[in-house]
4 protein chains.
Amino acid sequence: MAPVGRPRSDASHAAILKATYELLQEEGLARLTLDKVARRAGASRSTLYRWWPSRGAIAMEATLDTINREMSLEPQGDNALAEYRRLLKSVARAMRGGTGAIIAGILAECQRDPETLRLYKEKLVGPRRAEIMPLLQRGLADGSIRADVSPQTILDMTFGAIYHQLLLHIPTEDAWMDGVIDILVNGIAAKPSR
Amino acid sequence: MAPVGRPRSDASHAAILKATYELLQEEGLARLTLDKVARRAGASRSTLYRWWPSRGAIAMEATLDTINREMSLEPQGDNALAEYRRLLKSVARAMRGGTGAIIAGILAECQRDPETLRLYKEKLVGPRRAEIMPLLQRGLADGSIRADVSPQTILDMTFGAIYHQLLLHIPTEDAWMDGVIDILVNGIAAKPSR
Amino acid sequence: MAPVGRPRSDASHAAILKATYELLQEEGLARLTLDKVARRAGASRSTLYRWWPSRGAIAMEATLDTINREMSLEPQGDNALAEYRRLLKSVARAMRGGTGAIIAGILAECQRDPETLRLYKEKLVGPRRAEIMPLLQRGLADGSIRADVSPQTILDMTFGAIYHQLLLHIPTEDAWMDGVIDILVNGIAAKPSR
Amino acid sequence: MAPVGRPRSDASHAAILKATYELLQEEGLARLTLDKVARRAGASRSTLYRWWPSRGAIAMEATLDTINREMSLEPQGDNALAEYRRLLKSVARAMRGGTGAIIAGILAECQRDPETLRLYKEKLVGPRRAEIMPLLQRGLADGSIRADVSPQTILDMTFGAIYHQLLLHIPTEDAWMDGVIDILVNGIAAKPSR
DNA sequence: CGATAATCGAGACGGTACGTCTTGTCTTAGG
DNA sequence: CCTAAGACAAGACGTACCGTCTCGATTATCG
C-alpha cells in the first residue's frame, strides 16, 4: 500500500547531503549551519528539519558513505594480527585527510547533543566495530591473540589513540601508527613460550 | 615598577572562575554562556572579554585547579610500571566524576576554536605529560620498559583510550581500565627471556 | 502574483507600533530601546530589525497616526488667513501635549541618523506641508497674501517657530502663538492701501 | 586662602576643549564619545567627568568661542531694522558652515539630557538674545518697530526659522534668509499710515 | 475527475547568544 | 587635591542561528 500524499523528493534529499558534505569539507561541522545547507541545496529549512533531528544527524548521514568507503577492509588471507596491522594503517591514512577532521567535528557535536551521540554510536561506531570484530575473533580462535583480553578493549585502545590525535589536530603519521600498533600487538599477542 | 591604573580585581576574577565551574558542573560547557557566567559572578561581560579570549579559555582556567588536583600523582617508591598502573587507575577514577564530562566538553570546544585547542595543549596536556614523563623515563632507564617504544606514544594510547570513553559517555570502569593497562603494560614491558 | 513564504504578521506589526507609542509617551525617544519595545510587544528583536531600518523609523511610524490625527485640519469656508490662523493655533495646542515632546525627540534622532531624517521629511514634513499648502495658495490666488512671498518660507517660519519652542521645552501657549501669528499675518498680508 | 593640593591643569583643560572641537567638526556630536575626547586630548576620562556634567556641556564649552565669534555683531549706526536685517544675514551665513551642524547636534543632545538644555539656554540662547535685544528695544523706542509685538517673539521666530533649517540639514541660503527677513520686517514694522 | 493528503520552497516569527561599544564610577600610583 | 591610566558593572547595539510556523504550489493516492 503506497503512502498517500506527495512522495519525498529524492532529488532534494540528495542535494542536501551533497551540499552538507561540501560545506563540511570547506568549513567543518563547527561552522555548518542548516541555513547554509538549505541555501546551497536549494532546499528549505523545514525540509531539513522534517527528515533529520539535528545538525549532527545530517552531517553524519552526509559523511557515512565516504567514511565507510575509506575505512573499508577487504579481508585478506593473512593471519589476524598482520591483517589488523594493515587495517589500522589504512584507517590512520584515511584519517589524515578531510575525513578525520569531519569525524572530530562529529565527535565534538556529540558532546552538545545526545541524539547525535546516539546516532554516532549506532551508525558509525557499531558497524565499524562489527566489521572488524571477526578479525579479532579469528585471532582469539586461532590462539594468536591472548585469550584473556577483551576484543572490545582492543578496539577502544585502537580508536582511542587515533581519535585522540584527531581531536588534538595532530596528523596520524605512519611512523606514529607503527609505534601504536607495535605496542598493541605486543600487548595482545599470545606469548609463545611461557 | 608598579603598574598604572586601577588594578585587576581579584574578587571579580575569583568569582568568575567560581561561577564558571559551577555552571560547568550543572550544565556542561555546551550550555555555558558568558552571559550566565557574568550574571552569576556579579561581573560584567566586558570583564570576561577583557581577560579571556574565548569561552573555552574561561572554562579551562576554571577547571584547571580541579583537574590538576584530581589527577595529581605523588610518586611512590614502587617500580615504574606498577606506579604507572596505579596512576592510570586514579586518572580513570577521577574521570568518572563530573571532571570527565567537563574535559570532554573542552575537547569538543577545541574543535570549534583553535585558540582553545592551543590553550588546551599548553595548559592541560603539556603539564600533565611533563608530570608523568619522568615515570616512564625511569622505566626506560631501569629496563622495565622496552627501549624501542616512544614514551609519547605510550601516553597517546593511554589518554586516547580514556578520553575516547569520555567522549562516548561511557564510564571508565575499573575493570575496563585494568584491561587497558594490562594490554599496555604487556605491550611495553621488556620481555625478560627472548 | 501572490507573495511567497509566510506572510507578515499584522498582529505583531500592530503590537510593535502600540508598544513603541506607549514607551514614547512614557519615557521619550531618547530612552527608547528596541529591546524594551520587543519585550513589551511580545515580539523578537529580529522582527523589528527586519521591518525597520532604525529606531527613529519605528518611532516615526508609531507616531504618524497620532500626529496626522492631531494636526489634521478640516478646511472651513473662511478666508485663507483666518483659516491659517486657526490652523496654527490648533497645531500649537496639539504640540503642548505629549506629541510635541515626541516630535522633538524625532527631530533629535534625525541629527544622529540620516535615514531617520530622510523619513522624517518624507513621511511627516512633506505630507503636512502638502496639506496646508493649498490654503496658502488660495490666499495667494485671492490676493489676501502678498504675491511676492514664498509659501514655503511661510511654512518654514511657522513650523520653525513652533518647533524651536518644542526643542527648548517651552510650551507653545496660545498667547505666544497669537503673537507669532500676528507678526506672520502682518508680514505676509497684502497691504490694501499703499 | 589658596586652595590645597595640585591645581587644576590649564593645559589639560585646553587640550580637552581643543580635542572636542576637532572631533565635533570631524564627526559631529552624535558620534562624539568622551573616550575619544580623552584619548585625543591625552587626558583621562575621570578628568572630563570631574569638570563637566555631561557630553553636551563639553561640546557647548568647546564651541562657545567659535559660536560667539561667528555670530557677533558690531553695531553700526543704521536704523534698527536695517541693522537687524544685516545681523540675521550674518547669522545665516555663519550657520551654513560647520557651526550650524554643531548647534543642531547640541539641540539634539538637549532632548536627551535636561542639564545640557539648561546650559544651552543659559550659555548660548541667553547671551545671544541679550546681545540682540537692545537693537530691538531701540527699534521699539524710535517707533520703527510696532509697539505691540514682543521682542522675545521676534527672536523666537528668527532663530526658530534658522534652526529649523539646520535641523533639517537645509542650508540657510541668502535668498531664503531674505525672504524670511522680508516677512519678518513687514510683520513687525510699524505701519506709517493707518 | 475531484477530493484528500503529504511534500516542497519560501520566508516570517519568537528566542537566545554573540562580541562590541559607551557610560559613569571606582581605584590605583604619582605629581 | 589633581591627574593619567585603566578596571569595573551595566546595558544597548546589530548580527547570526535556532527551531517553529504559515503560506501557496506541487504531486501523489484514493474514492
Side-chain angles (χ1 to χ4, degrees), chain A residues 1-9 11-13 15-16 31-36 38-39 41-51 53-55, chain B residues 1-13 31-36 38-39 41-51 53-55, chain C residues 1-13 16 31-36 38-39 41-51 53-55, chain D residues 2-9 11-13 31-36 38-39 41-51 53-55:
Chain A
M1 172 107 83
V4 181
R6 178 175 178 172
R8 176 170 185 178
S9 159
S12 188
H13 187 219
I16 288 169
R31 308 256 172 275
L32 186 80
T33 69
L34 294 190
D35 201 83
K36 280 191 274 193
R39 219 174 307 127
S44 86
R45 241 134 49 73
S46 359
T47 303
L48 272 68
Y49 282 109
R50 192 190 321 277
W51 299 113
S54 66
R55 190 173 66 151
Chain B
M1 171 114 79
V4 94
R6 176 175 177 175
R8 178 170 184 177
S9 158
D10 284 337
S12 188
H13 187 217
R31 308 256 174 277
L32 187 80
T33 70
L34 294 189
D35 202 83
K36 280 190 274 192
R39 216 172 313 126
S44 84
R45 241 133 49 75
S46 9
T47 301
L48 273 67
Y49 283 109
R50 191 192 326 277
W51 298 114
S54 65
R55 193 172 63 151
Chain C
M1 170 112 84
V4 93
R6 177 175 176 172
R8 179 170 181 177
S9 158
D10 283 337
S12 188
H13 188 217
I16 288 168
R31 308 256 174 277
L32 186 80
T33 69
L34 295 189
D35 200 83
K36 280 190 274 193
R39 217 171 311 125
S44 82
R45 240 134 52 75
S46 10
T47 301
L48 272 66
Y49 282 109
R50 182 172 306 120
W51 297 113
S54 65
R55 193 173 62 150
Chain D
V4 183
R6 179 174 177 174
R8 175 170 182 179
S9 158
S12 187
H13 189 220
R31 308 258 173 274
L32 187 81
T33 69
L34 293 190
D35 200 82
K36 281 191 272 194
R39 220 174 307 128
S44 86
R45 239 135 49 75
S46 358
T47 303
L48 273 67
Y49 281 109
R50 190 190 317 279
W51 299 112
S54 67
R55 191 173 64 150

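Quick note: numbers below take in every heavy atom, side chains included, and nothing from hydrogens, waters or symmetry partners. Order of the sequence lines fixes the chain letters, A, B, ..., with proteins taken first and strands second; residue numbering starts at 1 for each chain.
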Length of the [atom1]-[atom2] vector between [X] and [N], whole Å:
| X | N | atom1 | atom2 | answer |
| --- | --- | --- | --- | --- |
| C/Leu34 | F/dG11 | CG | P | 17 Å |
| C/Leu48 | E/dG15 | CG | P | 13 Å |
| A/Arg39 | E/dG11 | CZ | P | 11 Å |
| B/Asp35 | F/dA9 | CG | C1' | 13 Å |
| A/Tyr49 | E/dG11 | OH | C1' | 14 Å |

Please identify each residue that fulfils side-chain hydrogen bond (donor to acceptor under 3.5 Å, both in side chains) with D/Ser12, with sequence neighbours left out. none

Residues that A/Ser44 engages under side-chain hydrogen bond (donor to acceptor under 3.5 Å, both in side chains), provided they are two or more places apart: A/Ser46, A/Thr47

Nearest-nucleotide 5' precedence on DNA chain F, C/Pro53 against A/Arg31: C/Pro53

Nearest-nucleotide 5' precedence on DNA chain F, A/Lys36 against C/Arg55: C/Arg55

A correct 5'-to-3' footprint of nucleotides 1-6 of chain F, with B, S and - meaning base, sugar-phosphate only and no protein heavy atom under 4.0 Å, is BBBBBB

With distance as the sole test, does B/Arg55 use its side chain to make a donor-acceptor pair with the main-chain N or O of B/Leu32 at under 3.5 Å? yes

Closest non-hydrogen atom pair, C/Arg31 against C/Lys36: O-NZ, 2.8 Å

Looking only at heavy atoms, what is the nearest atom pair of A/Ile16 and A/Leu48, with distance? CD1-CD1, 3.6 Å

